[in-house]
Each structure stands twice: as structure tokens, then as C-alpha cells.
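Notes to accompany the following structure.
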Amino acid sequence: MEAVDLKVEMVGIHEKRLRKCLSKIKGIEKVEVDASSQKVTVTGYTHRNKILKTLRRAGLKAEFWSAQNEFLTAYACASYGCLRFNNFSFF
């Protein structure tokens, strides 16, 4: 079983749409969504490129999570405070 961390742009989409998109892939066991940091963790027995390809085909902006993304999110939250309005995260 493999856990894949992705950065998905969550502005303007709902978590339900994201989960529905990922539920169509065979082998996925669990999906965790953190909307404030735009991080999605997918656990299952499917290849990581297949997950990314499915999200992009659905029109979502996605990329693999990196240490740089975590650093930028922490910096934005510390500097500006995590600004949120109706589940839209601005930093």
C-alpha cells in the first residue's frame, strides 16, 4: 500500500467533487483532504501517476507534494495568518 501526497488547488472546487473524482480509480482505500494547506493524501494500491492523471483530466490543478510546498504554506500562514473566507484559502 502506498500513500501519495498531492497539492491540489482548492479555490473554487468542493471537497466532494475531489473525492468523487478519486473514487472512480480502482485500488484507492482512503482519501484525506486538508483544504487549508491544499494537501490531499491518497492511500491505496494504485500508481501515483494514474492518480495525478485522473485529477488533471477532471480539470483540477494538481502536482505532487514537495518539501518546498510545505515550507511555502508554513511561511504564508506565519506571515499573513491563514486567510479563509467560505472555505476558500487565500494563503
Side-chain angles (χ1 to χ4, degrees):
M1 190 164 357
E2 181 182 8
V4 179
D5 293 328
L6 300 158
K7 179 182 180 193
V8 180
E9 191 173 305
M10 301 292 281
V11 178
I13 68 162
H14 296 282
E15 183 179 336
K16 188 175 182 179
R17 178 179 168 206
L18 178 69
R19 288 183 186 276
K20 184 177 179 181
C21 176
L22 290 172
S23 69
K24 295 178 182 178
I25 303 173
K26 290 183 180 179
I28 290 184
E29 302 267 329
K30 184 167 78 170
V31 177
E32 297 174 14
V33 179
D34 183 7
S36 64
S37 63
Q38 299 183 349
K39 184 175 183 178
V40 177
T41 304
V42 180
T43 307
Y45 295 101
T46 188
H47 197 271
R48 59 187 297 155
N49 289 337
K50 186 174 184 178
I51 297 168
L52 184 65
K53 190 176 183 179
T54 302
L55 289 173
R56 288 184 176 170
R57 280 188 178 173
L60 302 173
K61 292 183 181 179
E63 61 187 43
F64 292 116
W65 189 264
S66 67
Q68 182 182 12
N69 291 339
E70 199 155 334
F71 174 73
L72 291 175
T73 302
Y75 175 77
C77 287
S79 298
Y80 306 106
C82 290
L83 300 175
R84 298 191 78 206
F85 179 73
N86 285 347
N87 292 332
F88 295 124
S89 178
F90 295 103
F91 292 105

(request) To the nearest 0.5 angstrom, please state how far the CG atom of Asp5 sits from the CZ atom of Arg48. (result) 8.5 Å
(message) So, using side chain to side chain donor-acceptor pair (under 3.5 Å) as the criterion, who are the partners of Arg19 when residues are at least two apart?
(response) Glu15
(request) Can you measure from CZ (Phe64) to CD1 (Ile51) and round to the nearest 0.5 angstrom? (result) 7.5 Å
(request) Under the side chain to side chain contact (heavy atoms under 4.5 Å, CB included) rule, collect the residues that match up with Lys53, sequence neighbours excluded. (result) Arg57
(request) Report the distance from atom CD1 of Ile28 to atom OH of Tyr45, rounding to the nearest 0.5 Å. (result) 13.0 Å
(request) Would you check if Thr41 and Val31 make a side-chain contact, meaning some heavy-atom pair closer than 4.5 Å? (result) no
(message) Just verifying a value: how many Å separate Arg17 CZ and Leu22 CG, rounded to the nearest 0.5 Å?
(response) 11.5 Å
(message) Let me confirm one number: the CG-CD1 distance from Leu55 to Ile25, rounded to the nearest 0.5 Å.
(response) 6.5 Å
(request) With sequence neighbours left out, write down each residue that passes side chain to side chain contact (heavy atoms under 4.5 Å, CB included) with Glu9, or none if nothing qualifies. (result) Lys61
(message) Which residues pass the side chain to side chain donor-acceptor pair (under 3.5 Å) test with Asp34, not counting sequence neighbours?
(response) Ser36, Ser37
(request) Apply salt bridge (Lys or Arg N to Asp or Glu O under 4.0 Å) to Glu32 and list each qualifying residue two or more places apart in sequence or on a separate chain. (result) Lys30
(request) Any chance you could lay out the side-chain contact (heavy atoms from CB on, under 4.5 Å) test for Val4 and Glu2, step after step, and finish with the verdict? (result) CA-CA 6 Å; Val4 179; Glu2 181 182 8; 4.1 Å; yes
(message) If I take atom CE from residue Met10 and atom CG from residue Leu18, how far apart are they, to the nearest 0.5 angstrom?
(response) 5.5 Å
(request) Could you pull out all residues at least two apart from Thr43 that satisfy side chain to side chain donor-acceptor pair (under 3.5 Å)? (result) none
(request) Indicate the atoms forming the closest heavy-atom contact of Trp65 with Gln38, along with that distance. (result) CZ3-O, 4.0 Å
